[in-house]
Amino acid sequence: MAEAVIRIEALFKAYDTPAGPFPALKDVNLAILPGEFVAIMGPSGSGKSTFMNILGCLDRPSEGRYFLSGRNVAELGKDETAALRNRTIGFVFQGFNLLPRMTLADNVALPLVYSGIGHAERRERAQAMLDKVGLGSYADSLPSRISGGQQQRVAIARALTNRPSLILADEPTGNLDSHTSQEIMGVFRALNDEGITIVLITHENDIAAHAKRQVRFLDGRIVHDAPTQQHEAASC
């Protein structure tokens, strides 16, 4: 069996509050294999956002271990963690976070600036990623000239520029109408078909239905972890 892209062991996370420590995550164990498409679900306050921050190396657990691509994140220094994150993970957020005065190509190429990639290769890779999400002809446009759904496609293209093996998407359709949301999920499905591992947070059942596996949190614990029904039926 392939080594897990994500492996969580006995993870516990608490935050200090005026009333004392608040346990946001409790004894979480999870493994996600290469090529999986997992939806993380749960009500507000269930711990799913804290969990996603830990997966993205934006926060660290109070106890337990997190292995990303076989590396124990707790054993890595700040620079090593940043390098592993930048090499392994592409992020897509609910807000598109595009810089309004930069062209779409420059927005997509921005992560490559921090990787030390030269201008010519940055432009080539940005163009290729915009082509992949169907916006190649808009490379020199500004974000204000395209729709919200197109802006989220640009955000996905930006997440792909460092050629990550894993995409973490936090409510990626939260600002979109239902028709555009389905289009964006089609993009994620196509990327998953290419072998990219995808983990997304959503509170919408119709969005989670696109994933092959659903993990539900409640009060800081995983209470459900199973294949999505139609994918389970298709594999029978």
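Just so you know, these numbers use all the heavy atoms, side chains as well, and skip hydrogens, waters and symmetry mates.
- When side chains are defined from C-beta on, Asp16 does not count as touching Phe22, because their heavy atoms never get closer than 4.5 Å.
- Taking the side chain as every heavy atom from C-beta outward, Tyr66 and Ile54 approach each other to under 4.5 Å.
- Under 3.5 Å, the side chains of Thr50 and Asn53 contain no donor-acceptor pair of N or O atoms.
- Residue Ser165 holds its OG atom at 11.5 Å from CD1 of Ile198, rounded to the nearest 0.5 Å.
- Separating the NE2 atom in His119 from the CG atom in Leu112 is a distance of 11.5 Å, to the nearest 0.5 Å.
- At least one donor-acceptor pair under 3.5 Å links the side chain of Thr197 to the backbone N or O of Gly35.
- The CG atom of Asn97 sits 10.5 Å away from the CD atom of Gln151 when rounded to the nearest 0.5 Å.
- Judged by distance alone, the side chain of Asn107 and the main-chain N or O of Met102 form a donor-acceptor pair under 3.5 Å.
- Salt bridge Asp140/Arg123: present, at least one basic N to carboxylate O contact under 4.0 Å.
- A distance-only check finds no donor-acceptor pair linking the side chain of Asn162 to the backbone of Pro164 [under 3.5 Å].
- With rounding to the nearest 0.5 angstrom, the CD atom of Glu80 is 6.0 Å from the CZ atom of Arg71.
- Grouping the Ile, Leu, Val, Met, Phe, Trp and Tyr side chains by contacts below 4.5 angstrom, directly or via other members, places Leu30 apart from Ile167.
- Arg7 and Glu9 are joined by a salt bridge, as a carboxylate oxygen and a charged side-chain nitrogen come within less than 4.0 angstrom of each other.
- Side chains of Arg153 and Glu183 form a contact here, defined as non-hydrogen atoms less than 4.5 Å apart.
- A salt bridge links Glu194 with Lys132; the closest basic N to acidic carboxylate O contact falls under 4.0 Å.
- For the pair Thr173 (side chain) and Leu176 (backbone), a donor-acceptor distance under 3.5 Å is absent.
- By the rule that hydrophobic residues join a cluster once side-chain heavy atoms approach within less than 4.5 Å of another member, Val133 and Met185 end up as members of one cluster.
- Judged by distance alone, the side chain of Gln127 and the main-chain N or O of Gly136 form a donor-acceptor pair under 3.5 Å.
- In this structure, Ile32 and Ile8 have side chains that are not in contact, with every pair of non-hydrogen atoms separated by 4.5 Å or more.
- Cluster membership for Ile207 and Val199, using ILVMFWY side-chain heavy atoms within less than 4.5 angstrom, is not shared.
- Shortest non-hydrogen contact noted between Pro61 and Leu11 is CB-CG, 3.7 Å.
- For Arg60, the CZ atom sits in a packed shell: over 12 heavy atoms of surrounding residues, nucleotides or ligands are nearer than 6.0 Å.
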Between Glu36 and Leu33, does a side-chain contact (heavy atoms from CB on, under 4.5 Å) hold up when you go through it step by step? CA-CA 6 Å; Glu36 286 205 89; Leu33 299 178; 3.9 Å; yes
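- One hydrophobic cluster, built from ILVMFWY side chains closer than 4.5 Å, holds both Val154 and Val187.
- Within the model, atoms CZ of Arg125 and CG of Leu160 stand 11.0 Å from one another, a figure rounded to the nearest 0.5 Å.
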Result block: side-chain N/O donor-acceptor pairs under 3.5 angstrom for residues 216-227, not counting sequence neighbours:
unit_1, atom_1, unit_2, atom_2, d
Asp225, OD1, Arg213, NE, 2.8
Asp225, OD1, Arg213, NH2, 3.4
Asp225, OD2, Arg213, NH2, 2.8

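- Cluster annotation: Phe188 is connected to Phe96 through the hydrophobic network of ILVMFWY side chains, with a link wherever side-chain heavy atoms come within less than 4.5 Å.
- To the nearest 0.5 Å, the span separating CG on Leu99 from CG on Asp106 amounts to 9.5 Å.
- Using a 4.5 Å heavy-atom cutoff, the side chains of Leu166 and Ile196 are not in contact.
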Using atom types as modelled, flag every donor-acceptor pair under 3.5 Å from a side chain in residues 37-49 to any protein atom, sequence neighbours excluded.
unit_1, atom_1, unit_2, atom_2, d
Ser46, OG, Pro43, O, 2.8
Lys48, NZ, Gly42, O, 2.7
Lys48, NZ, Pro43, O, 3.4

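- Of the possible polar contacts, none joining the Glu121 side chain to the Gly118 backbone as a donor-acceptor pair under 3.5 Å is found.
- Side-chain atoms of Val108 and Leu130, non-hydrogen and from C-beta on, do get closer than 4.5 Å to each other.
- Arg85 places a side-chain heavy atom less than 4.5 Å from the side chain of Phe91.
- Remark: the backbone N or O of Phe93 is paired with a side-chain donor or acceptor of Gln152 at under 3.5 angstrom.
- With hydrogens and angles disregarded, a donor-acceptor distance shorter than 3.5 Å links the side chain of Thr228 to the backbone of Ala211.
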